[in-house]
Amino acid sequence: MTSEQIQTLLADMSLQEKIGQLIQLTGVFYAGEGMATGPMSEMGLTREQVDMAGSVLSSVGAARLKNIQKTYMEKQPHHIPLLFMADVINGFRTVFPIPLAQGCSFDPELSREMARVSAREAARTGLHATFSPMVDLVRDARWGRVMESTGEDPYLNGLFGSAMIRGYQGENVGEKDRIAACVKHFAGYGAPMGGREYNQVELSERTLRQDYMPSYRQGVEAGAELVMTSFNTLGRVPATANRELMQDILRGEWGFEGVLISDWAAIRELLAHGIAADRDEAAYLALRAGVDIDMMTDVYANHLERQIREGKIPMEWLDASVLRILNLKNKLGLFEHPCKDADEAYDGAADIEPAHRAFARKAAPETFVLLKNDGILPLPTAPTERVRNIAFVGPYVDEKRICGSWSLFYNMEENVTIQEALEQARTLTVPVSWAKGCQVLDYGQERDGFRDHVKNTCGREELEAMEAEAVRVAREADVVVMPMGEHHEYTGEGSARTEIGIPEHQMELFRRVYAVNPNIVVVSFSGRPLDLREVSRKARAVLQVWFPGTEGGHAIVDTLFGETEPGGRLSMSFPYNVGQVPVYYSELPTGRPHLDGAADGRCVSRYIDAPNKPLYVFGYGMGYTTFSYSPVTLSRGDMVMGKKAAEGSALTAAVTLTNTGSRPGTEVVQLYIRDMAGSVARPVRELKGFQRVTLGPGESRQVCFDITEEMLRFYRLDMSYGAEPGQFMAYIGSDSDTQNGASFSLRQE
């Protein structure tokens, strides 16, 4: 439809029709008259309101959605199609590593391709939009939802969010196999106080603007069709009612013209926040803020019409929201093709597309982070004098729940476990044995998840026998690989924790195995950075695999035996213990700094029972070879700011990277910059660039980064955005702790 036709349609719609476009309900409301009665009654909706609702979430299947669409459009007065949305976070039927793992790849284009595959699979089952990417900056591992972000760095998050949007939407969201992307959660959702889900957020305007806002803005600039509000308060105002945030910044400053959607029931929660006295006021505040879609409440459905008729809410607010929704449906091509790419053949497909499965297997090792290795990895594929047999012991040896808590639509039987991968490994001739030793969950432990209810149903005698068998198998092996970690349903939304270690019952198994065989390689599964102090101290190698997805078993076996290299570098610091969090590399300097190893005395900024630094820093990760860096060289010692900046401001920082090992490998070369003095305190360093460089044994290459005046800008004392003259350090190395740097200055022309 043309824009003129959309305007004509809007003008011809009734008030009830317009309000209906702002309502989003789950698929259960469309399962049939009888089945929908209960939910409608609970929410206080009529059949007519359900029949007018403009979008549906969390319902999939081409045949099902085609039927819902056909039935809906027959009842809708202007035959306006529904929008179908769902949480497609790190894959659909083919599941890829969780977003936090993807951040560790330091390869946004890898995530772009994952999003493209996800869009293809989701679109074929009838979906039009996904609630992804989550670009919230995360620095507190207690918060369960860190698994859905790509990490603690604004620059990295912005690149990954933009890449995912391009992967989902392509050049034109209306093209075949494309779906609309939704940037979430706006804003500051990743900084809940105490790491507790849905808790208040306290951020200064400068911190919000400098650290938390950039990734949202990049998502908007990348063309995301939707933005989702966050649950939290910001400046003591819930985001869903925050007109300054949504209208002045998102729409005004950034020019966002797309659809703004609430998170689940967030508009109704304005009452619980204490900012709305009743649902009438909640409806007023949310629509005033510019929230276009009310997800799963009756607030808009039952509390807009009267206020509009009485003039308390301007019709212009409603029309603006409806127009944005209609424009999105038009961009997707739904007026001409209401079911877009839905294909019933996908509903009954016997298997994942082979190309998708192959890509998942190839991509996962790029997200694995080798945290420790004393030379035991990679393992030999054939018996050697030192390694004649290998035991795999631990609860994740034959566990199919390896996809992360937001993986909702996969077939669990299609996931490949480590044991299955070992059984299928044709080149593996070294004898291998396995034993679980325990369950992922502790005795009697259970949890409700988004997909199903999980519970350890083993009796104590059975668990004791499992542990005894594991110890026996470990004792007889030369090397023990222990796949262990937290359950995926103990991460994600609603999964904040005050203890972030590997579960104690698994650690008891680890200690018993260690007592009979210290040659342990730990394969760590988690959706957050864990406290790995004891594991790191005792194990000979630690491989962090997160939740790796469909091809996780194959990818892990490929990596352990050296067919592939662990390519990841940490996109979120691993704390020494939970008492350090939030802990992140780009902290501000203190007036009384503690220098590692120095006898500073009492009154310095330090813990007396733990180091200041995390156990593993941002950017850290090992491979199966080693690299050396030359000192940093600069093309000039200063840069000019002002009118002539475009002509002479940029300089080039360079190092020579050499593979000093005996096998090919890939290094993630990272550029950090420190502003030595500014009108406000500046971080000790900030990531400003990175390159993945692959070299053969003995090979060297010069790696260069351009440094521009734009990279030195920040929110100054008067909140203007720009650079300031002064001294800077450019660091280039393998992680955020590198000391390999050179100094340069920025001066006025």
Side-chain angles (χ1 to χ4, degrees), residues 1 3-24 44-46 48-49 52-55 76-78 80 83 186-187 220 225-230 234-235 237-263 265-271 273-330:
M1 296 178 71
S3 58
E4 291 79 10
Q5 289 173 317
I6 292 289
Q7 289 285 356
T8 300
L9 171 61
L10 176 65
D12 196 50
M13 292 170 67
S14 69
L15 178 57
Q16 292 82 4
E17 278 185 90
K18 291 178 179 179
I19 293 173
Q21 289 298 305
L22 276 59
I23 301 168
Q24 182 169 95
L45 299 177
T46 65
E48 290 73 21
Q49 286 173 318
M52 289 288 182
S55 59
Q76 214 287 329
H78 287 89
I80 300 171
L83 268 172
F186 192 64
V220 169
E225 296 291 349
L226 300 101
V227 169
M228 180 182 286
T229 67
S230 56
L234 196 61
V237 178
T240 309
N242 196 323
R243 182 176 174 85
E244 178 184 4
L245 193 62
M246 303 303 169
Q247 296 284 31
D248 297 347
I249 297 176
L250 179 64
R251 296 204 188 278
E253 290 184 31
W254 301 353
F256 177 63
E257 298 179 348
V259 173
L260 183 61
I261 184 171
S262 82
D263 208 332
I267 295 179
R268 187 176 63 216
E269 290 173 12
L270 296 179
L271 280 74
H273 278 292
I275 197 170
D278 53 32
R279 297 189 185 196
D280 275 2
E281 188 173 11
Y284 172 87
L285 290 172
L287 196 62
R288 177 177 176 271
V291 180
D292 301 318
I293 296 180
D294 178 7
M295 184 191 292
M296 278 302 291
T297 84
D298 75 320
V299 175
Y300 278 1
N302 290 328
H303 300 273
L304 283 180
E305 183 175 350
R306 179 179 53 78
Q307 294 190 81
I308 291 172
R309 291 192 185 279
E310 293 176 356
K312 295 178 180 178
I313 292 179
M315 179 64 81
E316 290 77 12
W317 294 359
L318 177 62
D319 282 350
S321 288
V322 176
L323 182 60
R324 287 189 284 263
I325 295 166
L326 295 178
N327 281 336
L328 175 56
K329 293 180 177 183
N330 194 39

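These numbers come from a predicted model, not from an experiment. Computed from heavy atoms alone, side chains included, the values below leave out hydrogens, waters and symmetry copies.
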Quick one, [X] and [Y] - any side-chain contact, counting heavy atoms below 4.5 Å?
X      : Y      : answer
Leu9   : Ile80  : yes
Phe256 : Met246 : no
Lys329 : Met1   : no
Met52  : Pro77  : yes
Leu270 : Val299 : no

Considering all heavy atoms of both residues, which atom of [X] and which atom of [Y] are nearest to each other, and what is their separation?
X      : Y      : value
Ile267 : Ala282 : O-CB, 3.7 Å
Ala187 : Ala239 : N-CB, 4.3 Å
Pro238 : Ile275 : CD-CD1, 3.4 Å
Ser55  : Gln24  : OG-NE2, 2.9 Å
Glu17  : Met13  : OE2-CA, 3.6 Å

Legend entry - side chain to side chain contact (heavy atoms under 4.5 Å, CB included) evaluation trace for Arg279 with Arg268: CA-CA 7 Å; Arg279 297 189 185 196; Arg268 187 176 63 216; 3.6 Å; yes

Out of curiosity, [X] [atom1] to [Y] [atom2], how far, rounded to the nearest 0.5 Å?
X      : Y      : atom1 : atom2 : result
Ile249 : Phe186 : CD1   : CZ    : 6.0 Å
Leu226 : Leu83  : CG    : CG    : 8.0 Å
Ile293 : Asp263 : CD1   : CG    : 12.5 Å
Gln49  : Ile23  : CD    : CD1   : 6.0 Å
Trp317 : Leu22  : CH2   : CG    : 13.5 Å
Ile308 : Leu15  : CD1   : CG    : 5.0 Å

Donor-acceptor pair, distance only, cut-off 3.5 Å: does the side chain of [X] make one with the backbone of [Y]?
X      : Y      : answer
Arg288 : Ala283 : no
Thr240 : Ala286 : no
Tyr300 : Leu287 : yes
Glu281 : Ala277 : yes
Asp298 : Gly44  : no

Inset, instruction - Could you give me the CA-CA distance, side-chain angles and deciding distance for Leu245 and Val237, then say whether side chain to side chain contact (heavy atoms under 4.5 Å, CB included) is met? - result: CA-CA 10 Å; Leu245 193 62; Val237 178; over 6 Å; no

Inset, instruction - Using the test salt bridge (charged side-chain N to carboxylate O under 4.0 Å, His left out), find all partners of Glu310 that sit at least two apart in sequence or belong to another chain. - result: Arg306, Lys312

Inset, instruction - Please check if atom CD in Glu253 has more than 12 non-hydrogen atoms from other residues, nucleotides or ligands closer than 6.0 Å. - result: yes

Legend entry - Trace of the side chain to side chain contact (heavy atoms under 4.5 Å, CB included) decision for Thr229 with Asn242: CA-CA 9 Å; Thr229 67; Asn242 196 323; over 6 Å; no

Which pairs would a plain distance check flag for residues 319-328, meaning a side-chain donor or acceptor within less than 3.5 Å of a matching protein atom at least two apart in sequence or in another chain?
from	atom 1	to	atom 2	distance (Å)
Asp319	OD1	Lys18	NZ	2.8
Ser321	OG	Asp292	OD1	2.6
Arg324	NE	Asp292	OD1	3.1
Arg324	NE	Asp292	OD2	3.0
Arg324	NH2	Asp292	OD1	2.8
Asn327	ND2	Leu323	O	3.3

Legend entry - Worked check of side chain to side chain contact (heavy atoms under 4.5 Å, CB included) between Ile313 and Leu318: CA-CA 8 Å; Ile313 292 179; Leu318 177 62; 5.9 Å; no

Inset, instruction - List for me each residue that meets side chain to side chain contact (heavy atoms under 4.5 Å, CB included) alongside Gln16, sequence neighbours excluded, and say none if there are none. - result: Ser14, Glu305, Arg309

